[in-house]
Each structure stands twice: as C-alpha cells, then as structure tokens.
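As structure tokens, the structure follows; a few thoughts come after it.
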Amino acid sequence: MIRAGASLANVLLCGAGVAACVTASSPPPPSVSPNDAPRSAARADDDDDFRSRPPAPEPATDYVAPAPKQSVLPNGMRLWVIDRQTSKAIAVTLVLRGGAAAFPREPAILFSMLGTSLMGGTTTHTGRELFDLMSVHFFLMDVVSWDSSFRLTMNATPDSFDGALEMLRDVALRPTLPPDRVESMRQRYLGGSPRAADDPLRIANRNLFGAFYGQTHPYTRTMDPIAPALATIKRDDVLRAWKEMMDPAQATLIIAGAVNTATVAARVQALFGDWKRDPAAEAQSTVPLPSPTSARLIVVDRPGAPQATVLYGTTAAPIQASAHLNDVVVRQLLGGMRSSVTTGKIRDELGAAWTSTTYQHVDRAGGITWWQGNVARDRTAAVLTALDARVRELHERGPEADELAAATSRLARAQPRSLETTSGLAAAFADAATNDLPLDDLATLPARLRKVSAGDVKAQVPEPTAAKAVVVGDLGVLRASLLRLGWGPIEEHDKDGHFVRMLSP
C-alpha cells in the first residue's frame, strides 16, 4: 500500500526491498551536541508558558441588522424593501395589522378558515392551477392568521419572483373563495376540534390568558372552543371576514432579497395601487386593555393525568415601551436559557421537568411572560414554589452579573442567525410592522441590550403576589399540596375557562 503523500522516489525504492524502503523514507537521526540540551529545556518552558495563557479574545463587534427602505403607496399601503444582493431567494410577506382580535364580534376560527380558503382559487386561476404554478415555477406561498395580524408569505427565486408577486396579489385581493373549498376547510377544522378541546396545553393557555386579559378579552377569545362557531360558518361569513381584513391602510408589504428597489416599487404600485378598502366592511376595533382576574392559582381537573401541565406568568410592559427589552431579558432568566438558575433548579435539583420553556405575548397595551412545562405530579407544588422564589429574588435583588451577561449575550448572538435568510428577515420585519416598531429596532438591539442592568431587571419584575399560575392535572392528587402553598383561594375552572368553584381546605 502506498502511503498518502509518499514521493515517487520513495515508492520506487520501496519496490527494491524493505531495507531500501526504510533507508529512503527514514531521515538520519540528527546530531545532538551537549549545548543543545539547555536550549531544548528552555523551549519546553516557553511552550508550557504559552499554553498556560489563553489568547486574549478578539474585540466584540455588533451585528448590524439591515434597515428596510420604506415608501408608502397613495392608498396607504407601506412598502419595505430589504436589499440583500447575495441571496438566491426572495422572501415576501404581506402583513395586515389587527388580526382576529381586531374583530371581536367574529369568531376567531373564521379568520383561520379565511387563511386556508384563500388558496382555493382567484379570478384568474383555479386552486389546482395555483399549486401547479408553484410547482412549475419553484415558489411557495402560505397564509397564516394570528390574533394580532394576518399574513400572506411567499418565497421565490429571482426568475420566478415577478410572477409569484402577481399571484400573491391575486390571492390576497381577487380570491373566489369557492364554497366547496370553504366547506372542506370547515370539515377539516371540525375533525380536529375534539383533539384541540382536550389538549392540556391549549386548556392551560386559555385559562392563563383569561386570568391576565379577562375572560371576554379578544386575545382570550382567540382560544375559545371552535366547534360551536364551526357549526354555523358559511362561505358568506368567510367572504365578510375577507372584506373586513383587507385594508391597505393596515397593510405592509415586505420584500427581502436581490431586488432593485426602484423597479420593485414601480411593480408594487402597478399591482397594488388600485387596492381600496370596502367601505361597507366593519372597521377594526382597538384591542382593549387587560382586565385581570383576582385569582393567583387556577386548577383544571383532569382525573388520571400522569403529569401536570403548569404555566406560571407575570405581566409584561407594552411592546413599544423601552421597558419591553427588560421583559425580554426576564424571559431568559425565568427559564428561556437551559443554563438559567430557574432551569437548573427545576430540572436538576427537583427533577420535576426535563424540558420546559418560556413565552411572551405582548402588544401595544402590555402582555404576559410565562414559564411552561409538564411536571411530575408529586413535584408540582415544589415547582410553583421555586418559580415564586425566583421571581421574588429577581424583584428584590435582581439577577447576578454572570447570569445577566449570559442572557443579554444569548439574545444578541441569536439575532444574526434569525436574520440569516431572507425569509427570516421578512418574518422579523413583519413583527415590527404588526406592532408599529421603528425601522431601526433590530439594528439598535445589541446596543440596547448592553445597557440593560440588573437594576432595570429588578425594577421590571413584579411582586410574586402579582404572578398567576394555571395547573391542568389530577386535582384529586394535587389538591392538598396546592392548598398548602398558601396562595389564597384557588379557583377550579373547566377546560373552556369557565369558573366551577372555589377550593378550600
């Protein structure tokens, strides 16, 4: 076998015999003089000294997120273009602010049905033709309904971009909403409704939102049971929802990729310039302020459940407030990092939940930050105690310097990855458009994170008595330990969030 990297001369010599091969490939031993020994020892000392001192870190540099170029069409629609010439894909998102929560008289599921029905066809193409076009021209389109926005997304190549943009316009503004498509979607949602109604996580979220926002608040209503509304929804209802949602004054079209800004602006004006809101459609309502309930702890009984689904939340500042970034850091400290004190306590010390996470739901009026996990039944009260103690510690003393640094660093280092692709850019700016955030909000994030202090976090975390928790599990097993927490009266709710009774010892 010839050794990789062997010279041709060595290969030929090896053919003459083993002795020749060894002689040719083995260099003669170096001559060593008595004076070489001290020098070798000195070199060894220098080498050890070098290895004992790690190199100084390179200077930290901030990732600067790109800022879109903004223009506004005469009909009020905003156009944001993010030029990324190095990308091979172009991402487009049409954001309509408001979402299901802006139309409280309509069932939230109606807007989900609208999203899935829009791809049923347009005045120029049938539903089948739309999907054929995506397959042939290599682009992808989707529609998503959220409680605070309605979004049409598209990913295309530079070659297919123009045709894909035209198709997005047709789907958004010229849908036919075929009755058979609407009925098919209605049946699909009906088929999944029993599973959704019995999902312990959905039950817990419904009750947590009710506790913080109020039982009749639009955000809480987006999690109402869907079967009753689906029983009566028709194609005319979906058409009405489309007319209500499609308002150019509430719309932002975001385009990220290798595009020419001036050319794109002219094309967008040609495609969307004649879009007008239907004056007969109901206007959006302003989402009201939260109206929290008094109960600190809500329990939903699921007899025989092997685990308890636990949610523990605190209030959060409005998303446009400067204190919002402090809440983002608090989310990391409450378990958003696997290395956080909270995670270590619950996972490693208590052995109560192997996986857990934290979430935020925030708008211009405020919101919630909450911890969420599936917990061993016999450790549920211990987990709630640990979460309460952690909130008290943050409220009274603030975070330790090393954990605060880890939280802010994690957020700063995660930003470039989330904006690495054009679809990531479009999604991030879609969030900014939904909440009317400044165009440079992403670009200034690293600098703002560096300014977050332990005092800022301490001031932002409320008293633990203001926190609220929801436990979905076997009440017969959990009741005694939950009452011993001493959190005051415990409310039992049903899975739909309705009050059942007060629990007492």
Side-chain angles (χ1 to χ4, degrees), residues 65-97 115-116 118-145 149-176 246 248 250-275 416-434 439 442:
K69 296 179 180 178
Q70 176 177 254
S71 58
V72 182
L73 275 63
N75 61 7
M77 186 183 89
R78 297 183 296 181
L79 172 63
W80 293 359
V81 180
I82 304 110
D83 187 353
R84 178 166 281 183
Q85 293 297 324
T86 57
S87 176
K88 300 298 184 182
I90 300 175
V92 182
T93 300
L94 176 62
V95 183
L96 292 128
R97 291 167 294 182
T116 53
L118 281 177
M119 295 298 294
T122 69
T123 56
T124 53
H125 297 287
T126 65
R128 176 64 179 271
E129 289 171 344
L130 292 178
F131 286 96
D132 285 345
L133 283 171
M134 287 191 284
S135 298
V136 171
H137 297 288
F138 200 61
F139 62 91
L140 181 66
M141 188 175 299
D142 197 10
V143 186
V144 182
S145 175
S149 66
F150 190 84
R151 304 181 185 184
L152 290 84
T153 65
M154 183 193 75
N155 289 281
T157 65
D159 290 338
S160 64
F161 167 67
D162 190 74
L165 185 63
E166 184 173 340
M167 178 173 145
L168 184 143
R169 185 276 313 267
D170 286 351
V171 169
L173 305 183
R174 301 176 180 177
T176 53
M246 292 300 158
Q250 300 295 337
T252 304
L253 184 66
I254 302 163
I255 301 175
V259 295
N260 179 283
T261 303
T263 302
V264 164
R267 183 60 172 151
V268 169
Q269 172 61 40
L271 291 174
F272 294 88
D274 60 353
W275 177 13
R417 182 180 64 181
S418 66
L419 304 179
E420 184 177 17
T421 64
T422 53
S423 57
L425 278 169
F429 281 105
D431 291 340
T434 298
L439 288 178
L442 295 174

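Just the heavy atoms: all of them, side chains too, but no hydrogens, waters or symmetry mates, feed the values below.
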Are any non-hydrogen side-chain atoms of [X] and [Y] less than 4.5 angstrom apart?
X      : Y      : result
Leu253 : Ile255 : yes
His137 : Met167 : no
Leu165 : Val268 : yes
Phe161 : Val92  : yes

Least distance between heavy atoms, [X] atom then [Y] atom:
X      : Y      : result
Val81  : Val264 : CG2-CG1, 4.2 Å
Leu442 : Ala428 : CD1-CB, 3.8 Å
Ala251 : Leu94  : CB-CD1, 4.2 Å
Leu152 : Met246 : CD1-CE, 4.5 Å
Glu420 : Arg84  : O-NH1, 2.8 Å
Ile90  : Val259 : CD1-CG1, 3.7 Å

Nearest-0.5 Å distance, [atom1] of residue [X] to [atom2] of residue [Y]:
X      : Y      : atom1 : atom2 : answer
Met134 : Leu140 : CE    : CG    : 6.5 Å
Leu173 : Asp274 : CG    : CG    : 8.0 Å
Met154 : Thr93  : CE    : OG1   : 9.0 Å
Thr86  : Asp83  : OG1   : CG    : 9.0 Å
Asn155 : Phe138 : CG    : CZ    : 10.0 Å
Arg174 : Arg169 : CZ    : CZ    : 3.5 Å

- [ ] May I have the step-by-step check of side-chain hydrogen bond (donor to acceptor under 3.5 Å, both in side chains) for Arg128 and Thr126, ending in yes or no?
- [x] CA-CA 5 Å; Arg128 176 64 179 271; Thr126 65; over 6 Å; no

Task: Glu129 atom CD, neighbour heavy-atom count above 12 within 6.0 Å - done: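 For Glu129, atom CD is crowded (more than 12 foreign heavy atoms under 6.0 Å).
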
Task: side chain to side chain contact (heavy atoms under 4.5 Å, CB included) against Thr124, all qualifying residues, sequence neighbours excluded - done: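 Counting only residues at least two positions away or on another chain, Thr124 forms a side chain to side chain contact (heavy atoms under 4.5 Å, CB included) with Thr122, Asp170.
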
N/O donor to acceptor pairs below 3.5 angstrom from side-chain atoms of residues 65-79, sequence neighbours left out:
residue	atom	partner	partner atom	Å
Gln70	OE1	Trp80	NE1	2.6
Asn75	OD1	Met77	N	3.1
Asn75	ND2	Phe272	O	2.9
Asn75	ND2	Trp275	O	3.1
Arg78	NE	Thr252	OG1	3.0
Arg78	NH2	Thr252	OG1	3.0
Arg78	NH2	Ala433	O	3.4

TODO: Please confirm whether the backbone N or O of Gly121 pairs with a side-chain atom of Thr176, one donor and one acceptor, at under 3.5 Å?
DONE: yes

